[in-house]
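Below: one structure, written as structure tokens.
None of these values were measured; they are calculated from a predicted model. The sequence lines fix the lettering, A, B, ..., with proteins before strands; numbering per chain opens at 1.
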There are 2 protein chains.
Amino acid sequence: MSQVSQFRHSIKLLSGGLVLTATEKQALDELPISHLFIRANADLAQTGDQPSRCITIVSGLATTSKITRGGKRQFAAIHIAGDMPDLMGLHLEKMDCDIRTSTDCEVEYTEHEDIRSLCARHPRLAFALWKITLADAAIMREWIINLSSRPALSRLAHFFCEMLVRMESAGLARGSSCHLPLTQDDLSDLTGLSAVHINRTLQVLRSSGFMTFNDSHLTILNWKKLTHLAEFDDRYLHMRRESRLMNVN
Amino acid sequence: MSQVSQFRHSIKLLSGGLVLTATEKQALDELPISHLFIRANADLAQTGDQPSRCITIVSGLATTSKITRGGKRQFAAIHIAGDMPDLMGLHLEKMDCDIRTSTDCEVEYTEHEDIRSLCARHPRLAFALWKITLADAAIMREWIINLSSRPALSRLAHFFCEMLVRMESAGLARGSSCHLPLTQDDLSDLTGLSAVHINRTLQVLRSSGFMTFNDSHLTILNWKKLTHLAEFDDRYLHMRRESRLMNVN
DNA sequence: CGAGTACTTGACACGTTTCAACATCCGTGG
DNA sequence: CCACGGATGTTGAAACGTGTCAAGTACTCG
């Protein structure tokens, strides 16, 4: 029996526990999927591309970014295992952003044509994929709020809260800790703060005792106080209740 | 013969010129739609709601916002005629944001159940609606860039560039000018800048000679220079070439 | 006429950026 | 083995953009 694809896994996971029928399962199993390993800092898609297939991340980190005139790269999203970062390419003619690996990545490719035909035949699977793009949009909405209305300390804290919940939901956290290989420069591009200020803000977070971020390792020591500081409310992530972080230490 | 709904019009417009088949047209015509007038500053949907229908704006302005702990309202999107601001409610269980009218609005309501059944029977219409949500997401991506990487002057200019292109595409602009009933407080919530700073920045924009914003009226006097100042590139709006602003004055 | 809303202005405070120097770590090649 | 360069992290001091507060104007509407 063939191994279940990350693609199928993502649909189940992110669709809020959709129970697949036998024919839906079969359709997913028959979906041609190719499996690839990609090095860090490689382009998965570039602005202006018209991709013919879409990516599911099996492992590693990737980012969605745009370049501003100053040449500075600014991140608009970060993607972890299970995410489908260029699903928008399925319906939009051209990519309006760059998608790059941030670490070595294992990815699956699925042809747009196959997905379209799958969606046409199985509306519930189409809805599940559609929902994934809507959940991604919800995250962007929250990022807009985070960027425009929270000072450095809360903003950075908010980012870490989001990442731990998402990593936990992807099965990549142990307790309230996870591997998160981002440099302070990455955090700068993610939060819109200067790298120097990220450094100082990290020190404040560390000294608060609520969390640490060292050696690519995020550890949250006081979830309650950190979420309060960050004004973090995980409802925008649209995850199922039972999969949420419940630690109250 | 019944009047063509804004819903149907939006699907055609935003789907990049989808040519509807006879049966698709019929399906759209048979879609039950109710028509309502809503006063300014009224809630269309609130955080936590589980809406059973979705809105198409026929006229007026609406916003998507979230409240931060300070009680400050921050906008994550602004919607004009033809937009479907709560389409995410079709697949997400609960609203993660508030949607409110900003002016008096004329709206259409369509039941989720009817849309779902329409989508199941007509995949191309499903794709068109899906694409609308993806185009909205693309705007949010650009807002993230705008908020995190551009100083007040470019940021505000960028917002005005976007609005003129969108209004033009909705048929609501005359030349390079449009009615845009937003207060400086609204602009503050839209750009993440203080109202006082909006005021000063507007003065700079005015004195630059590139544009004016007075009496709820936006006029762009030098499109080329303003877009350059704003780093505005309309490709993220995913409109069809021919509908783009072509004035180079 | 008074109240309310939107807009305007000035002075000052504060958060964040910038720049420049330095520390640390790590893989690579001599 | 050590020397080196490059990427990453750290620190200090100064400059700058933006926020805040407070006062005042202009306009509309009842």
Side-chain angles (χ1 to χ4, degrees), chain A residues 39-41 61 68-74 100-104 146-160 179-208 211-218 229-230, chain B residues 39-41 61 68-74 102-104 146-160 179-208 211-218 229-230:
Chain A
R39 218 171 300 177
N41 302 313
L61 285 181
T68 56
R69 201 174 39 237
K72 194 180 174 294
R73 193 175 281 280
Q74 180 68 41
R100 314 189 79 231
T101 59
S102 194
T103 68
D104 291 349
N146 202 31
L147 290 167
S148 58
S149 73
R150 285 194 263 268
L153 190 64
S154 319
R155 195 190 299 183
L156 189 55
H158 192 282
F159 171 75
F160 285 127
H179 181 64
L180 193 64
L182 295 169
T183 65
Q184 293 185 0
D185 267 311
D186 291 331
L187 291 174
S188 163
D189 293 340
L190 284 160
T191 59
L193 296 162
S194 72
V196 171
H197 204 56
I198 287 287
N199 184 292
R200 298 192 223 268
T201 307
L202 276 175
Q203 293 177 41
V204 176
L205 280 175
R206 235 177 266 132
S207 70
S208 75
M211 58 156 286
T212 61
F213 182 69
N214 280 319
D215 287 323
S216 301
H217 213 83
L218 168 65
L229 169 66
Chain B
R39 219 170 298 179
N41 302 312
L61 286 181
T68 56
R69 202 177 32 240
K72 195 180 173 295
R73 191 174 283 279
Q74 181 67 40
S102 195
T103 66
D104 290 348
N146 202 32
L147 289 167
S148 58
S149 73
R150 286 194 263 268
L153 191 63
S154 317
R155 193 188 301 181
L156 189 55
H158 191 283
F159 171 75
F160 284 127
H179 181 65
L180 193 64
L182 295 169
T183 65
Q184 294 187 359
D185 267 312
D186 291 332
L187 291 174
S188 163
D189 293 341
L190 285 160
T191 59
L193 296 161
S194 70
V196 170
H197 205 55
I198 287 287
N199 183 293
R200 297 194 224 266
T201 307
L202 276 175
Q203 293 177 43
V204 176
L205 281 175
R206 234 178 267 135
S207 70
S208 75
M211 58 156 288
T212 60
F213 182 69
N214 279 319
D215 287 324
S216 301
H217 213 83
L218 167 66
L229 169 67

B/Asn199 side chain near C/dC7 phosphate (N/O to OP1/OP2, under 4.0 Å): no
Whole-Å gap separating C1' (D/dT18) and CG (A/Leu147): 16 Å
Whole-Å distance separating the CG atom of B/Asn214 from the C1' atom of C/dT8: 13 Å
Donor-acceptor pair present, A/Arg200 side chain and C/dG15 base, under 3.5 Å: no
Spacing of B/Leu153 atom CG relative to D/dG17 atom P, expressed in whole Å: 11 Å
Interatomic distance where CG belongs to A/Leu156 and C1' belongs to C/dG15 [whole Å]: 15 Å
d(CG, B/Asp185; C1', C/dA6) in whole Å: 8 Å
Closest non-hydrogen atom pair between B/Arg155 and B/Thr191, with its separation: NH1-O, 2.7 Å
Whole-Å gap separating P (D/dG12) and NE2 (A/His197): 15 Å
Whether B/Arg206 side chain and B/Thr212 backbone form a donor-acceptor pair below 3.5 Å: no
Nearest-neighbour nucleotide for the B/Leu193 side chain, C/dT17, C/dC7, D/dG19 considered: D/dG19
N or O in side chain of A/Gln203 less than 4.0 angstrom from D/dG9 OP1/OP2: no
Sugar-phosphate only, base, or nothing, as touched by A/Thr183 at under 4.0 Å among non-hydrogen atoms: sugar-phosphate
Check: B/Ser149 side chain, B/Asn146 main-chain N or O, donor-acceptor pair, under 3.5 Å: no
Under 3.5 Å: donor-acceptor pair, side chain of B/Asp104, backbone of B/Ala40: yes
Distance test, side-chain N/O of A/Gln184 to OP1/OP2 of D/dT10, below 4.0 Å: yes
Candidates C/dC19, C/dT9, C/dT8 - which lies nearest the side chain of B/Arg206: C/dT8
Side-chain (A/Thr201) to main-chain (A/Leu153) donor-acceptor, under 3.5 angstrom: no
Sugar-phosphate, base or nothing in reach of B/Ala195, heavy atoms under 4.0 Å: nothing
Protein-nucleotide distance (B/Phe213, atom CZ; C/dC7, atom P), rounded to Å: 8 Å
d(CD1, A/Ile198; C1', D/dG9) in whole Å: 13 Å
